[in-house]
Amino acid sequence: MSDLRVRFAPSPTGYLHIGGARTALFNYLLARKEKGTFILRIEDTDVARSTQESVDAILQAMQWLGFSHDEGPFYQSERFDLYRSKVQQLLENGQAYRCYCTQEELNAKREAALKSGGKPKYDGTCRNRTAAPSADAPFVVRFKSPLDGETTFVDRIKGPITFRNEELDDIIIQRTDGTPTYNFVVVVDDAEMGLTLIVRGDDHVNNTPRQIPIYRALGYPVPEFAHVPMILGADKSRLSKRHGATSVMAYRDMGYLPEAMVNYLVRLGWSFGDQEIFSMDELVEKFSLDNVGKAAGVFNPEKLLWLNAHYIKTGDPERLGELLKEYLANIGVDVANGPALPSVVKTLQERSHTMVEMAEGAAFYFRNEVVFDDDAVAKFLTIDKRPLLESVIRSLEECADWTHDGISLAFKQVMEDTGLKLGKIGPSVRVALVGGTTSPGIFEVLEVLGRKVSLQRLENVLTILK
RNA sequence: GCGCUCAUCGUCUAGCCUGGUCUAGGACACCGCCCUUUCACGGCGGCGACAGGGGUUCGAAUCCCCUUGGGCGUACCA
């Protein structure tokens, strides 16, 4: 165990999206590589927007991706007493103050400042107020940010970053209703949980100089920071639903494998020479913040798809078979009385880009009734094909060795008998067996389908020839 | 507007720190050819980038400055 302590801290206001998954991945990888500790924390201080469904969805996605945590999940909503005591501490030290300005006043001031070309920051009206306007006046608590000087931190990805303190605002740390806000609780928790390195999205760099003074005011050590670049859509704007699916689990539903998602995500912004394919073990060994790029990256679904096809192609047929069962069930196909799933998988691995595609391509193995494509039937199952099909049936009935090679021999016989090339025979047999013109190789289909079902389907087709 | 930040093929990136080995390498996508019983897989080849302008230097993708463009922030959201 090293002393590295990192965390993933999503707010449960929706599903786990691509960007969140990547920061979770980077944290997870770092923790495993350094034999440190990976903490999961749920940031649900915004009680109105946080939901249990979101928590469940995020947990489920983390599990699917294989990001196991060592501590947590901790819920900020269960730690309000801690935060309140810290707010109290700052209030007593004079490092925070009550602010009685109403939101309307604040908005008006902001707009006025913006209009006159100034900064839309809090003007400090209540910073030096000596008494409350009235005993029961509602208030928020603001943190006294330093007025001058500058705040600098060395980002592990971006290098040194400096802000002039006059740019900082007296941020609200406790709302009118008494609940604490993000920028405050994140400091308290990151410190109380002993985090040594904060790896989070780029969108937080501006928060960092506002958080550092809070660490200091509370007497906490300031951790290291690493801000990972954002993920953009094809139009270079921030990735959002209008760019397509952004939910990690939506990709599972579309037939993606978790290892493909992980591999794609890690290569978006990180590289290891020219290597494209990484197993999780390899990532734990090779990942480093040193080769994480500074620039935002565009999410490229095509490359994800390519990786998915790669992992399907090289995946274990047993495991893929189990997964296939679920995808088949989703399209109403029961596998109970069909061929063994691993053998089905083997015929489709090389031609499937997603598990959904594989399920669609595998359905014909399991359906009792072949679903015929009209165009295919019109073209390849015409009445003149009857002698050919009868020859195929005869030859297959005599086939003693029902394997790919044995079936191949049977077809050689047909070719001799009819004088036709396989190109003239195959398509009709294919349509008879699967109903359409695309499928795995017909010898494989015959082998996996089995002698009985294959001959049944061929004979059945004799009755529908036109 | 202000602040922070980023900038190599359409996209992900290698190279940049420690200038010359870069007529800039790999991958996805795209195009072509080959393989082939369909669809795919695969193999081979092609197209394609150092944002622009100054400077430093014998020499710059690599160092410095400016411009332009993008992203993020500017909430009693996180």
Side-chain angles (χ1 to χ4, degrees), chain A residues 9-13 43-46 48-50 76 99 101-103 106-107 110 113-121 138-142 155 158-159 161-164 166-169 171-177 179-183 185-186 200-210 227 229-230 232 234-238 264 267-277 291 293-307 309 313 348-353 357 361 376 380 411 421-431 434 436-443:
Chain A
S11 88
T13 53
E43 310 229 309
D44 54 353
T45 52
D46 185 347
R49 295 202 307 152
S50 301
Q76 293 188 319
C99 171
C101 299
T102 65
Q103 282 193 63
L106 258 21
N107 290 339
R110 224 186 328 264
L114 226 37
K115 220 167 258 174
S116 64
K119 299 181 189 12
K121 55 179 275 191
F139 63 87
V140 299
V141 177
R142 285 183 187 273
D155 192 277
K158 295 173 179 296
I161 297 178
T162 300
F163 287 78
R164 288 194 306 283
E166 60 207 68
E167 298 295 337
L168 271 29
D169 212 343
I171 57 168
I172 291 171
I173 60 177
Q174 189 177 89
R175 303 184 182 95
T176 309
D177 66 2
T179 58
T181 59
Y182 167 76
N183 273 116
V185 298
V186 75
R200 68 203 341 179
D202 221 347
D203 46 343
H204 286 293
V205 298
N206 298 279
N207 287 328
T208 308
R210 316 209 279 179
H227 289 98
M230 301 275 84
L232 276 23
D235 61 357
K236 302 252 184 185
S237 70
R238 189 181 191 150
Y264 177 72
R267 276 288 286 111
L268 213 193
W270 174 81
S271 61
F272 190 82
D274 286 340
Q275 189 171 343
E276 295 287 348
I277 306 295
N291 350 292
K294 297 178 179 184
V298 174
F299 180 71
N300 182 345
E302 273 85 34
K303 191 153 186 180
L304 208 207
L305 186 63
W306 172 75
L307 279 163
K313 218 176 305 165
L348 289 156
Q349 276 179 294
E350 286 209 334
R351 64 198 74 233
S352 306
H353 296 88
E357 201 180 307
F380 296 109
F411 271 79
K421 291 188 174 176
L422 194 52
K424 293 289 176 191
I425 305 169
S428 297
V429 177
R430 169 171 286 111
V431 176
V434 320
T437 53
T438 67
S439 81
I442 49 174
F443 300 162

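Chain identifiers are assigned alphabetically (A, B, ...) following the order of the sequence lines, protein sequences preceding nucleic acid strands; residue numbering begins at 1 within each chain.
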- Message: What I want to check is whether an N or O donor and acceptor connect the side chain of A:Arg351 with the base of B:rC41 at under 3.5 Å.
- Response: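 Between B:rC41 and A:Arg351, which were checked side chain against base, a qualifying N/O pair under 3.5 Å is absent.
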
- Item | Heavy-atom donor-acceptor pair, A:Thr176 side-chain to B:rC76 base, under 3.5 Å | yes

Could you work out which one of [options] sits closest to the side chain of [X]?
X	options	result
A:Gln103	B:rG42, B:rC76, B:rA78	B:rC76
A:Phe163	B:rG3, B:rA78, B:rA27	B:rG3
A:Pro120	B:rC76, B:rA78, B:rG1	B:rG1

- Query: Is the A:Phe411 ring parallel, tilted or perpendicular to the A:Phe443 ring (thresholds 30°, 60°)?
  - Reply: tilted

- Any side-chain donor paired with an acceptor under 3.5 Å for A:Ser439 and A:Arg430? yes

- Taking atom types as modelled, is there a side-chain donor on A:Ser237 or A:Asp235 under 3.5 Å from an acceptor on the other?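 A donor-acceptor contact under 3.5 Å links the two side chains.
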
- Identify whether the glycosidic angle of B:rC30 places it syn (within 90° of 0) or anti.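 Anti for B:rC30; the angle lies over 90° from 0.
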
- Is there a side-chain polar atom (N or O) of A:Arg110 under 4.0 Å from OP1 or OP2 of B:rC2?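 Checking B:rC2 against A:Arg110, no side-chain N or O comes under 4.0 Å of OP1 or OP2.
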
- Grab the two heavy atoms, one from A:Asn300 and one from A:Tyr264, that are nearest each other, plus how far apart they are.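 Scanning both residues completely, I find the closest heavy atoms to be N-OH, 2.7 Å.
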
- Minimum heavy-atom distance A:Thr45-A:Tyr182, with the two atoms named: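 Minimum heavy-atom contact is OG1-N, 4.4 Å.
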
- Task: Write down the partner of B:rA29 under the Watson-Crick or G-U wobble criteria, each distance required to be under 3.5 Å.
- Result: none

- Would you give a per-nucleotide map of nucleotides 7-19 of chain B, 5' to 3', where B means the base has a protein non-hydrogen atom under 4.0 Å away, S means only the sugar-phosphate does, and - means neither? S---BBSS-----

- Item | A:His227 NE2 to A:His204 NE2 distance, which is reported to the nearest 0.5 Å |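 If I round to the nearest 0.5 Å, the distance is 7.0 Å.
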
- P atom, B:rA61 versus B:rG1: distance in rounded Å? 33 Å

